[in-house]
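Naming: A, B, ... by sequence-line order, numbering from 1 per chain.
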Number of protein chains: 2
Amino acid sequence: MKPTSTYEDILNTGYRLFAEHGFEKTSMTMIAKEVKISKPALYYHFVSKEAMIDVLFDEICKSIGFTSFFHIPNYTATNFKERLISDGLNIIAQQKEDENYSRIMHQYQALGFRNMKYSQKLIEVLDGFTSGFAGLLQHGAAIGVIHDTDVLVKAQLLNMIISSIDNFISYGIDCNYEDIWTKAVHTIVMRVEAT
Amino acid sequence: MKPTSTYEDILNTGYRLFAEHGFEKTSMTMIAKEVKISKPALYYHFVSKEAMIDVLFDEICKSIGFTSFFHIPNYTATNFKERLISDGLNIIAQQKEDENYSRIMHQYQALGFRNMKYSQKLIEVLDGFTSGFAGLLQHGAAIGVIHDTDVLVKAQLLNMIISSIDNFISYGIDCNYEDIWTKAVHTIVMRVEAT
DNA sequence: GTCTATAAAAAGATAGAC
DNA sequence: GTCTATCTTTTTATAGAC
């Protein structure tokens, strides 16, 4: 999958430049110059600009599923709430760390409006979070720490809050996201407990 | 602001083509052809492609503020919850109606990563929704229909849910958004009332 | 695997006539 | 206000040598 070091170098540089300037405003010339190789050398590794964008997309999609952040078996009756909060905070921390991630994902989202091959995967990821949260809440109900009412809607609300926090961070809006997520978990999942 | 009919024609066509193909993939030639005028005629009305994109952005921003959807004076003790739900459903209905809107706004959001003149206005709109919801909840607390605890966080959560619903709709994800918003209002704002 | 040189197409924008 | 014709720049991509 990654035979040469140049190949990896190109992918990393492409990731950064595409995030910074967008797909259209990033030319193959720019990438070649940044990697310090010639344009034909670049085309030796990637048959076209689109192919490079697609490989990059596949690589990114590998690491952003629900199961990359939430491991249901780790959730017990005693740690359920704290674990849900901290795993969510983990996503937030990761988004804050790499701001190129949000930028490039917005590019793929825009591409998705015109090409289903992008939107399909993105929808899969989003749906994965909803069903992931639903499974997690179901598990919480099974071990008796939360109510089992409206599980799907609650899962969708959690997914939407996490998605929006990511979005707001990418805008550069300065909120106390940790506080928001914590309160969201309390409000949506733990409404029967004390405030 | 809109002297000629051709001018409006260009703006409407630009809105549609930019939404469908993106800013970069929509050339001035395409727009001219679609409006059935020549390219120089197009440049007579808009000094550059960027100027056209900017005018379009201003026009859109005029109509998407919090106050376009929520009118606090209309909220009374008896209709508070129902009004909050129905005004939100109104936004959802509007997003569903014009799918070009979400598409073009994503383009502006992508531009905002590289040019503050776009992100600033977008952030203003988002912040406007948060402070708008906060004012609305404060009003609700003043007339005694909801608790006045965590008003800002609740406002941010409502904003995030509405933003995400818009986002999910633009992805083409098929949920019962009306149900989600209704439950969100019940859960976040009305948690002391009966389910 | 990498290079120099170059093709081929398309973009934004303008000159100047009507 | 609108046109035909054209300029200038930049883009993706390739031919062919090393």
Side-chain angles (χ1 to χ4, degrees), chain A residues 1-59 103-104 107-108 110-111 113-115 117-118, chain B residues 1-59 103-104 107-108 110-111 113-115 117-118:
Chain A
M1 201 68 89
K2 35 195 133 60
T4 72
S5 172
T6 303
Y7 180 91
E8 296 245 299
D9 204 0
I10 294 171
L11 273 188
N12 290 332
T13 304
Y15 179 84
R16 185 167 50 80
L17 291 183
F18 284 144
E20 284 173 1
H21 310 112
F23 291 135
E24 315 282 347
K25 283 277 198 322
T26 304
S27 68
M28 295 299 259
T29 307
M30 286 169 64
I31 297 173
K33 193 170 289 177
E34 193 81 2
V35 181
K36 294 195 216 309
I37 59 174
S38 68
K39 221 175 350 172
L42 188 54
Y43 275 95
Y44 170 83
H45 292 282
F46 295 92
V47 70
S48 70
K49 185 180 178 181
E50 186 181 2
M52 187 173 160
I53 290 173
D54 289 357
V55 170
L56 216 40
F57 188 49
D58 288 340
E59 293 292 327
R103 291 180 176 208
I104 205 166
Q107 307 284 337
Y108 285 113
L111 284 188
F113 289 139
R114 277 157 267 143
N115 192 327
K117 79 178 164 188
Y118 302 108
Chain B
M1 198 72 88
K2 36 193 132 59
T4 71
S5 170
T6 302
Y7 180 91
E8 297 245 299
D9 204 1
I10 294 171
L11 272 188
N12 290 332
T13 303
Y15 179 84
R16 184 168 51 80
L17 292 182
F18 285 143
E20 283 173 2
H21 310 111
F23 292 134
E24 315 281 348
K25 284 277 199 321
T26 303
S27 68
M28 294 299 261
T29 306
M30 286 169 64
I31 297 172
K33 194 172 289 178
E34 192 81 4
V35 181
K36 294 195 216 307
I37 59 175
S38 67
K39 213 168 8 164
L42 190 53
Y43 275 94
Y44 170 82
H45 292 282
F46 295 92
V47 69
S48 71
K49 186 181 179 182
E50 186 181 1
M52 188 174 160
I53 290 172
D54 289 359
V55 169
L56 217 39
F57 189 49
D58 287 341
E59 294 290 328
R103 292 180 175 208
I104 204 166
Q107 307 283 338
Y108 284 113
L111 284 189
F113 289 139
R114 277 157 268 141
N115 193 325
K117 79 178 166 190
Y118 301 108

Check the distance between [N]'s [atom2] and [X]'s [atom1] and give it to me in whole angstrom.
X       : N      : atom1 : atom2 : result
B/Tyr43 : D/dT8  : OH    : P     : 16 Å
A/Phe46 : D/dT14 : CZ    : P     : 15 Å
A/Ile53 : D/dA13 : CD1   : P     : 10 Å
A/Met30 : D/dT12 : CE    : C1'   : 15 Å
A/Lys33 : D/dT10 : NZ    : P     : 10 Å
A/His21 : D/dT10 : NE2   : P     : 15 Å
A/Glu24 : C/dG12 : CD    : C1'   : 15 Å
A/Phe23 : D/dT12 : CZ    : P     : 13 Å

Taking the minimum atom-to-atom distance to the side chain of [X], which one of [options] wins?
X       : options                : answer
A/Ile37 : D/dT2, C/dT14, C/dC3   : C/dC3
A/Thr29 : D/dC3, C/dT2, D/dT12   : D/dT12
A/Lys39 : C/dG1, D/dA5, D/dT12   : D/dT12
B/Lys49 : C/dA13, C/dC3, D/dT12  : C/dA13
B/His45 : C/dT4, D/dT2, C/dG12   : D/dT2
B/Ser48 : C/dG12, C/dA13, D/dT12 : C/dA13

Look up atom OH in B/Tyr15 and atom CE in B/Met52, then write down how far apart they are to the nearest 0.5 Å.
->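 If we round to the nearest 0.5 Å, B/Tyr15:OH and B/Met52:CE are 13.0 Å apart.
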When rounded to the nearest 0.5 angstrom, what distance separates CE in B/Met30 from CG in B/Leu17?
->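 Here the interatomic distance stands at 5.5 Å.
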May I ask you to say what B/Ser38 touches in the nucleic acid, namely base, sugar-phosphate or nothing, with a heavy-atom cut-off under 4.0 Å?
->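 Base, at least one base atom sits under 4.0 Å.
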[X] side chain near [N] phosphate (N/O to OP1/OP2, under 4.0 Å):
X       : N      : value
A/Tyr44 : C/dT2  : no
B/Ser27 : C/dA10 : no
A/Thr6  : C/dT2  : yes

Which residue lies more 5' along DNA chain D, comparing A/Val47 with A/Lys25 via nearest heavy atoms =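 This one resolves to A/Lys25.
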More 5' along DNA chain D: A/Thr26 or B/Lys36, using each one's nearest nucleotide?
->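 The answer here is B/Lys36.
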B/Tyr118 ring center within less than 6.0 Å of B/Phe113 ring center |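 Judged by ring-centre distance (under 6.0 Å), B/Phe113 and B/Tyr118 do not meet the cut-off.
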Single hit among A/Ile10, A/Leu11, A/Asp9 for side-chain contact (heavy atoms from CB on, under 4.5 Å) with A/Thr13 |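 The passing option is A/Asp9.
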Lys/Arg-Asp/Glu bridge criterion (N-O < 4.0 Å) met for A/Lys25, A/Glu20 =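 No, no charged N to carboxylate O under 4.0 Å.
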